[in-house]
Peer 1: 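One structure coming up, written as structure tokens, with questions to follow.
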Amino acid sequence: IHQLVFEGDGRICVVSYMSAKDNYEIYGTVMDEIKESFAFTTPSPAGDISDKGYTDFNMPVPEGWTLETAEAYYRLSNGKATIIACVFSMEQTVSPKQYWESVYRSSVQTGIDGFKEISAKDCKMGGVDALDVYYTGKSVSGNSYNFRQCLAVKDSQVYIITLTANDADYERVAGGYEAVIKGFSFK
């Protein structure tokens, strides 16, 4: 897992690249291409969650890559706070706790300055076992952020819903994150 953290216009964006170890060297240059061409744009107006394919940033499709689907990603915003929902395939199915402890936490620790895990609690998301993780960290410019992530595993896929909010907004928007987790359902 390789992550880039962009901060601009009072917003933060974390781009994650996941690949098997033997494919990283072949396709790993994509992160350099994203870093060179990334730009924040004006957010789309609020819409029904069934509206698919809208984002508030541009991400190129590098040569040799194919955009497979835009339906596995959603972004919600409230002021400067965001909730992002995404899904990734897994080579080997593990529990949400195993995924956090053996794969994802080390990636987050490496990509976010001052990483501090506050809590990790079992929960349910869409009726399946999940893990709700709360941690804090800083952007490269030193601004503090609060992160809540709910990780669920279903049918060899890991579903991750992430709340990102600065200290001033966190208490105000945490209820929205909890409502997303409570109302999440699988098709």
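Side chains included, hydrogens not; waters and symmetry mates left out as well; all remaining heavy atoms used.
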Peer 1: Would you say the side-chain atoms of Asn146 and Asn166 include a donor-acceptor pair closer than 3.5 Å?
Peer 2: no

Peer 1: So, are Lys97 and Asp122 salt-bridged, with charged N and O less than 4.0 Å apart?
Peer 2: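 So Lys97 does not pair with Asp122 through a salt bridge.
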
Peer 1: Output the distance between atom CG (Asp169) and atom OG1 (Thr82), rounded to the nearest 0.5 Å.
Peer 2: 10.5 Å

Peer 1: Looking at every heavy atom in both Val128 and Val153, which two are closest together, and how far apart are they?
Peer 2: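 In this case the closest contact between Val128 and Val153 is CG2-O, 4.3 Å.
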
Peer 1: Taking only residues two or more places apart in sequence, or in another chain, which ones meet Tyr135 in a ring pair (Phe, Tyr, Trp, His ring centres under 6.0 Å)?
Peer 2: Trp100, Phe115, Phe147

Peer 1: Taking C-beta and beyond as the side chain, do Leu163 and Tyr170 meet within less than 4.5 Å on heavy atoms?
Peer 2: yes

Peer 1: About how many Å separate NZ of Lys116 and OG of Ser144, when rounded to the nearest 0.5 Å?
Peer 2: 11.5 Å

Peer 1: Are the side chain of Glu101 and the backbone of Gln98 linked by a donor-acceptor contact shorter than 3.5 Å?
Peer 2: no

Peer 1: Does the side chain of Tyr177 come under 3.5 Å of the side chain of Asp132 through a donor N or O and an acceptor N or O?
Peer 2: yes

Peer 1: Without swapping roles, check the side chain of Asp155 against the backbone of Gln157 for a donor-acceptor pair under 3.5 Å.
Peer 2: no

Peer 1: Applying side chain to side chain contact (heavy atoms under 4.5 Å, CB included) to Lys154 and Tyr159, what does each step give before you reach the verdict?
Peer 2: CA-CA 8 Å; Lys154 184 175 188 302; Tyr159 295 81; 4.1 Å; yes

Peer 1: Name all residues meeting the salt bridge (Lys or Arg N to Asp or Glu O under 4.0 Å) criterion together with Asp113; count only those two or more places apart in sequence or in a different chain, and write none if there are none.
Peer 2: none

Peer 1: Working note: Gln149 + Ile161, criterion side chain to side chain contact (heavy atoms under 4.5 Å, CB included); need CA distance, chi angles, decisive distance, verdict.
Peer 2: CA-CA 5 Å; Gln149 288 189 309; Ile161 299 186; over 6 Å; no

Peer 1: So, for Pro96 and Ala152, which heavy atoms are closest and what is the spacing to 0.1 Å?
Peer 2: CG-CA, 4.2 Å

Peer 1: Please lay out, stage by stage, how Glu178 and Arg148 fare under the test side chain to side chain contact (heavy atoms under 4.5 Å, CB included).
Peer 2: CA-CA 10 Å; Glu178 291 163 5; Arg148 287 270 304 272; 3.4 Å; yes

Peer 1: Run the side chain to side chain contact (heavy atoms under 4.5 Å, CB included) test on Ile160 and Thr162 for me, step by step, so that the C-alpha distance in whole Å, both residues' side-chain angles and the decisive distance to 0.1 Å come before the verdict.
Peer 2: CA-CA 6 Å; Ile160 303 174; Thr162 305; 3.5 Å; yes

Peer 1: Taking 4.0 angstrom as the limit, do Lys124 and Asp129 come out as a salt bridge?
Peer 2: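 Yes, Lys124 and Asp129 are salt-bridged.
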
Peer 1: In the structure I gave you, are the side-chain heavy atoms of Leu131 and Lys121 within less than 4.5 Å of one another anywhere?
Peer 2: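 Sidechains of Lys121 and Leu131: no contact.
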
Peer 1: Is it the case that Gln109 and Ser106 place a side-chain donor and acceptor less than 3.5 Å from each other?
Peer 2: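 Result is no, nothing qualifies.
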
